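The shown structure was predicted, so the numbers you read here are calculated from the model rather than taken from an experiment. Basis for what follows: all heavy atoms, side chains included, without hydrogens, waters or symmetry-related copies.
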Amino acid sequence: MALKSVLERDAPRSPEAEAKLQILRQQARDFAIASALAFVGTAIAAAAAPRLALALAAAGALTVALCGRSVWRRRELVAALLLDREAYSIEAVRHRAARFATTARRHRLGKWVRTIVRVANGEELPASASARVLPERVQPESERLMRIADALEDDGRTIHPASVALMHRLLTRPGLSPLYNPGLEADLLTLALHRVEAGVDRT
């Protein structure tokens, strides 16, 4: 089985994604309403019909779990869509992106990029023994990485949130990132950086 990477799409594309988000939101609302009704019924039946109350309580607990699952699946889908620039036509994605691609996060990512370049060049020890960047991949791309770091740390530069999200995944998902995982093709890093750069203004 081929290894997955951060570049693999794990979300449907628009407008299918928007429709799925609406379905998940409606499911969460329906389950929340059903849960509330079940718990109200539990309170009413508690004295007169204990067995019914117990059944209603179980139904309420189940619908709470189902509501939580729908909410979680929707959040995960929105997070996956952050990497797709076409998905920014969806309001939920734009809203999440505004909270994700903050100045503070951009600065942290820029600092992180500089750190992995220094680690790859032997100028600094890795922060983790279990997640180490691959020097043979980072070094050939060090100039590009440093330009990306400059852009991330420059508040005057416009960077599309999709590029911020992809850079974040490259740095924080060692098992899925060609920066860390030797089982992934080296060319994936070049492709990923190209996609990041596509969202950076040229000023």
Side-chain angles (χ1 to χ4, degrees), residues 1-109 111-112 127-131 159-177 180-181 183-184 199:
M1 180 182 296
L3 291 172
K4 289 186 177 181
S5 81
V6 293
L7 295 176
E8 287 196 80
R9 294 185 182 275
D10 51 0
R13 302 185 65 169
S14 304
E16 292 83 3
E18 186 169 16
K20 189 170 184 178
L21 287 172
Q22 291 174 346
I23 290 171
L24 289 170
R25 180 172 58 184
Q26 187 60 51
Q27 284 180 352
R29 288 177 178 175
D30 291 345
F31 286 134
I33 293 171
S35 176
L37 292 175
F39 286 128
V40 169
T42 299
I44 295 173
R51 290 185 178 180
L52 176 60
L54 184 61
L56 289 171
L62 176 61
T63 49
V64 165
L66 292 173
C67 177
R69 187 182 68 171
S70 294
V71 170
W72 178 82
R73 289 176 61 193
R74 188 172 188 274
R75 288 178 178 174
E76 288 294 298
L77 177 54
V78 172
L81 290 169
L82 287 180
L83 276 67
D84 185 356
R85 294 178 67 171
E86 294 180 4
Y88 282 72
S89 60
I90 302 172
E91 182 180 356
V93 177
R94 294 196 304 273
H95 181 69
R96 177 73 173 269
R99 293 183 289 113
F100 180 85
T102 61
T103 299
R105 176 169 273 118
R106 281 179 49 169
H107 288 186
R108 287 196 300 271
L109 292 176
K111 182 179 179 180
W112 198 337
S128 171
S130 59
I159 302 180
H160 195 282
S163 292
V164 178
L166 178 52
M167 201 68 230
H168 182 267
R169 288 203 177 193
L170 280 171
L171 293 169
T172 62
R173 303 283 185 90
L176 306 179
S177 173
Y180 302 93
N181 191 339
L184 297 171

Looking at residues at least two apart in the chain, or sitting in another chain, which of them share a side chain to side chain contact (heavy atoms under 4.5 Å, CB included) with [X]?
X	result
Ala34	Thr63
Leu24	Lys20, Gln27, Arg73, Arg74, Leu77
Ala28	Cys67, Ser70, Val71
Ala104	Thr102, Arg108

Considering only distance and modelled atom types, tabulate donor-acceptor pairs under 3.5 Å from the side chains of residues 38-49, sequence neighbours left out.
{"residue": "Thr42", "atom": "OG1", "partner": "Ala38", "partner atom": "O", "Å": "2.8"}
{"residue": "Thr42", "atom": "OG1", "partner": "Ala57", "partner atom": "N", "Å": "3.1"}

Any heavy-atom pair between the side chains of [Y] and [X] that's under 4.5 Å?
X	Y	result
His160	Val164	no
Leu82	Leu166	no
Leu109	Leu171	yes
Phe100	His168	yes

Please give me the minimum heavy-atom distance between [X] and [Y], naming the atom from each residue.
X	Y	answer
Tyr88	Ala97	CE2-CB, 3.4 Å
Arg96	Ala79	NH2-CB, 3.8 Å
Val78	Val93	CG1-CA, 4.2 Å
Ala165	Leu83	CB-CD1, 3.9 Å
Arg169	Ala80	NH2-CA, 3.5 Å
Asn181	Pro174	CB-O, 3.6 Å

Interatomic distance, [X] atom [atom1] to [Y] atom [atom2] [nearest 0.5 angstrom]:
X	Y	atom1	atom2	answer
Ser35	Leu62	OG	CG	9.5 Å
Leu56	Arg51	CG	CZ	14.5 Å
Arg94	Ile90	CZ	CD1	9.0 Å

Practice task
Not counting sequence neighbours, which residues clear side-chain hydrogen bond (donor to acceptor under 3.5 Å, both in side chains) with Gln22? List them please.
Solution key: none
